[in-house]
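Inspection log for the structure reproduced underneath, given as structure tokens.
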Amino acid sequence: MAKALIGYLHSDQRIPARLGLENQRLRGRVAELETLVLRLQVENDRLVAEQATAVLEAEMLPA
């Protein structure tokens, strides 16, 4: 019976269309996450530079 069900499911013509839509949705989500990662990397670089500047300024102050 399981083989009969598997054969039935593989003949369903809606599956490729549904998988295509799911694939498209996932690709969009991956693109959103890649954009977020880039934005966070830029922000992190900015914060590191600010921290380095603050440390240098603190070291230059007279004791």
Practice prompt. Verify side-chain contact (heavy atoms from CB on, under 4.5 Å) between Leu56 and Glu59, making sure each step is shown before the conclusion.
Written response: CA-CA 5 Å; Leu56 286 174; Glu59 289 177 352; 4.0 Å; yes
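Under the rule for a salt bridge (Lys or Arg N to Asp or Glu O under 4.0 Å), the partners of Glu50 that lie at least two apart in sequence or sit in another chain are Arg46.
Between the CD atom of Glu43 and the CG atom of Leu36 there is a distance of 10.0 Å, given to the nearest 0.5 Å. Note: Leu40 CG to Leu47 CG = 10.5 Å, rounded to the nearest 0.5 Å.
Pairs engaging residues 23-36 under the side-chain hydrogen bond (donor to acceptor under 3.5 Å, both in side chains) rule: Glu22-Arg25, Asn23-Arg27, Arg29-Glu32 [sequence neighbours left out].
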